[in-house]
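All values derive from a computational prediction rather than experimental measurement. For this chain, numbers begin at 1 and follow the sequence in order.
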Amino acid sequence: MAKLFEPPRYIAIEGPIRVGKSTLAKVVAETLHAQRITEPEDNKFLRPFYEGERGAAFQAQMAFLIKRYEQLRSLEVASNPNKVVVADYIFEKDKIFASLNLEDVELEVYDRYYKLFHDQLPAPDLVIYLQASPEVLKKRLKKKNAPNEVKISEDYIEAVNQAYEHFFFHYSASDLLIVNTSDIDFVERSDDLQALLRRVSEPIRGTQYFLPLGQDAANAG
């Protein structure tokens with residue numbers, strides 16, 4: 001008899017800066033004994049970009065695009081039915097930031113490479129989109145106080161958050177679980193984490209919402 005439900009083998013976790021992607025990805029990967037894919041961070045153009053250096057946005061964006069492509073291209077999920085992968089980003093995030101940061105003439109060049117790379121990559125079976133209000137993100141950013149992030153403006157945080165909301169409102173490339181983390185703490189509250197892990201182990205079709213405190217996810221239609 002055929003299985004009615006096969007757990008996702010390629011899970012990606014997304015959301016704006018300091019929403020908790022890496023933390024959750026680490027826990028989910030450990031729980032599922034999965035290969036963990038972490039966001040490339042060694043981008044020498046990132047600091048000049050945050051400091052407003054001319055041309056650094058395009059340089060940083062192209063560097064990220066190439067690194068993300070090379071990383072995800074090597075997954076080979078389809079060829080290994082026993083392999084489980086958890087990534088703390090989706091390839092499309094690159095386009096979200098490019099649309100925010102690049103001039104039209106730069107974006108025209110970028111788009112050519114983005115489409116070429118995107119068409120060669122596997123889509124996740126499940127994307128977990130972590131939301132939080134701009135106010136919550138600002139507090140977490142200030143608390144983290146990472147050297148490369150000190151110069152990030154509040155306006156930029158709000159613009160990124162809005163861009164993510166717009167993108168995932170229209171997202172349909174894979175099954176999607178939306179989690180608002182403003183009042184959820186996967187690090188300090190084990191109940192929140194366990195509830196999410198249980199939800200991920202159950203069927204998710206289309207776009208659904210994770211509701212904490214023992215409530216079931218609601219289908220968005």
Inset, instruction - Check the pair Tyr110, Asp94 against side chain to side chain contact (heavy atoms under 4.5 Å, CB included), reporting the backbone distance first and the verdict last. - result: CA-CA 10 Å; Tyr110 169 91; Asp94 210 278; 2.6 Å; yes
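- Closest approach of Ser133 to Ser182, counting heavy atoms only: N-OG, 3.1 Å.
- Counting all heavy atoms, side chain and backbone alike, Ala87 lies closest to Tyr10 at CB-CE1, 4.4 Å.
- A side-chain donor-acceptor contact under 3.5 Å links Glu14 and Tyr164.
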Inset, instruction - Check the pair Arg112, Glu108 against salt bridge (Lys or Arg N to Asp or Glu O under 4.0 Å), reporting the backbone distance first and the verdict last. - result: CA-CA 7 Å; Arg112 296 177 185 176; Glu108 183 178 347; 3.8 Å; yes
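- For Phe45, there are no ring-ring contact (aromatic ring centres under 6.0 Å, His included) partners, not counting sequence neighbours.
- To the nearest 0.5 Å, atoms CD (Glu154) and CG (Leu141) are separated by 9.5 Å.
- Interatomic distance, Ile96 CD1 to Tyr89 OH, rounded to the nearest 0.5 Å: 13.5 Å.
- Partners of His166 by side chain to side chain contact (heavy atoms under 4.5 Å, CB included), not counting sequence neighbours, listed by chain and number: His170.
- Considering every non-hydrogen atom in both Ala132 and Arg140, the closest pair reads CB-NH1, 4.2 Å.
- Under a hydrophobic clustering in which Ile, Leu, Val, Met, Phe, Trp and Tyr are joined whenever their side-chain heavy atoms come within less than 4.5 Å, directly or via other members, Leu116 and Leu65 fall into the same cluster.
- Annotation: side chain to side chain donor-acceptor pair (under 3.5 Å) contacts of Gln120 (sequence neighbours excluded): Tyr69.
- Under the rule for a salt bridge (charged side-chain N to carboxylate O under 4.0 Å, His left out), the partners of Asp42 that lie at least two apart in sequence or sit in another chain are Lys67.
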Legend entry - salt bridge (Lys or Arg N to Asp or Glu O under 4.0 Å) evaluation trace for Asp119 with Lys115: CA-CA 6 Å; Asp119 291 346; Lys115 186 179 188 308; 3.0 Å; yes
Inset, instruction - Could you walk me through whether Arg9 and Asp125 pass the salt bridge (Lys or Arg N to Asp or Glu O under 4.0 Å) test, one step at a time? - result: CA-CA 7 Å; Arg9 293 193 300 111; Asp125 300 314; 5.3 Å; no
Inset, instruction - Please lay out, stage by stage, how Gln61 and Tyr113 fare under the test side-chain hydrogen bond (donor to acceptor under 3.5 Å, both in side chains). - result: CA-CA 11 Å; Gln61 206 64 62; Tyr113 289 94; over 6 Å; no
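- For the atom pair CG of Asn161 and CZ of Arg18, the computed distance is 14.5 Å after rounding to the nearest 0.5 Å.
- Checked against side chain to side chain contact (heavy atoms under 4.5 Å, CB included), Glu51 has the following partners two or more places apart in sequence or in another chain: Arg47, Lys151.
- The number of heavy atoms from other shown groups lying within 6.0 Å of NZ (Lys139) does not exceed 12.
- Looking only at distances, no side-chain donor or acceptor of Asp192 sits under 3.5 Å from a matching main-chain atom of Ile184.
- Judged as a side chain to side chain donor-acceptor pair (under 3.5 Å), and not counting sequence neighbours, Thr31 has no contacts.
- With sequence neighbours left out, Phe168 forms a ring-ring contact (aromatic ring centres under 6.0 Å, His included) with Tyr129, Tyr171.
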Inset, instruction - Please lay out, stage by stage, how Val28 and Leu32 fare under the test side chain to side chain contact (heavy atoms under 4.5 Å, CB included). - result: CA-CA 6 Å; Val28 173; Leu32 300 179; 3.7 Å; yes
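- Following chains of ILVMFWY side-chain contacts shorter than 4.5 Å, one cannot reach Ile13 starting from Val136, and the two form parts of different hydrophobic clusters.
- Residues passing the side chain to side chain donor-acceptor pair (under 3.5 Å) test with Thr38, sequence neighbours excluded: none.
- By the ring-ring contact (aromatic ring centres under 6.0 Å, His included) test, His33 is found to be paired with no residue, residues two or more places apart in sequence or in another chain being considered.
- Across all their heavy atoms, Leu176 and Leu126 have their closest contact at N-CD1, 4.2 Å.
- Distance check, rounded to the nearest 0.5 Å: CD1 of Ile37 to CG of Leu72 gives 7.5 Å.
- Side chains of Arg205 and Asp175 form a contact here, defined as non-hydrogen atoms less than 4.5 Å apart.
- Partners of Ser99 by side chain to side chain contact (heavy atoms under 4.5 Å, CB included), not counting sequence neighbours, listed by chain and number: Lys95.
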Inset, instruction - Go through Glu39 and Arg68 one step at a time and tell me if the salt bridge (Lys or Arg N to Asp or Glu O under 4.0 Å) criterion holds. - result: CA-CA 8 Å; Glu39 175 80 67; Arg68 287 166 177 153; 2.6 Å; yes
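- At least one donor-acceptor pair closer than 3.5 Å links the side chain of Thr181 to the backbone N or O of Gln131.
- The distance from atom CD of Gln71 to atom CG of Leu121, rounded to the nearest 0.5 Å, is 11.0 Å.
- Heavy-atom minimum distance, Pro16 versus Val160: CB-CG1, 4.0 Å.
- For Lys44, there are no side chain to side chain donor-acceptor pair (under 3.5 Å) partners, not counting sequence neighbours.
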Legend entry - side chain to side chain contact (heavy atoms under 4.5 Å, CB included) assessment of Val109 paired with Phe58: CA-CA 10 Å; Val109 175; Phe58 182 72; 4.1 Å; yes
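- Asp88 and Ala25 make their closest contact through CB-CB, 3.7 Å (heavy atoms, listed as atom of the first residue, atom of the second, distance).
- Applying the 6.0 Å contact sphere to NZ of Lys26 captures no more than 12 heavy atoms from other residues, nucleotides or ligands.
- With hydrogens and angles ignored, the 3.5 Å screen pairs no side-chain donor or acceptor of Thr23 with any backbone N or O of Gly20.
- Below 30°, between 30° and 60°, or above 60°: for Tyr50 and Tyr156 the angle between ring planes is above 60°, a perpendicular geometry.
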Inset, instruction - Evaluate side chain to side chain contact (heavy atoms under 4.5 Å, CB included) for Asn101 paired with Glu106, printing each intermediate quantity in order. - result: CA-CA 10 Å; Asn101 299 322; Glu106 296 172 329; over 6 Å; no
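- Atoms CD1 and CD1, on Ile11 and Ile90 in that order, are 14.0 Å from each other to the nearest 0.5 Å.
- Of the charged side-chain nitrogens involved, at least one lies within less than 4.0 Å of a carboxylate oxygen, so that Lys138 and Glu158 count as a salt-bridged pair.
- Looking only at side-chain heavy atoms (C-beta outward), Glu92 and Tyr114 come within less than 4.5 Å of each other.
- Under the side chain to side chain contact (heavy atoms under 4.5 Å, CB included) criterion, Glu70 pairs with Ile66, sequence neighbours left out.
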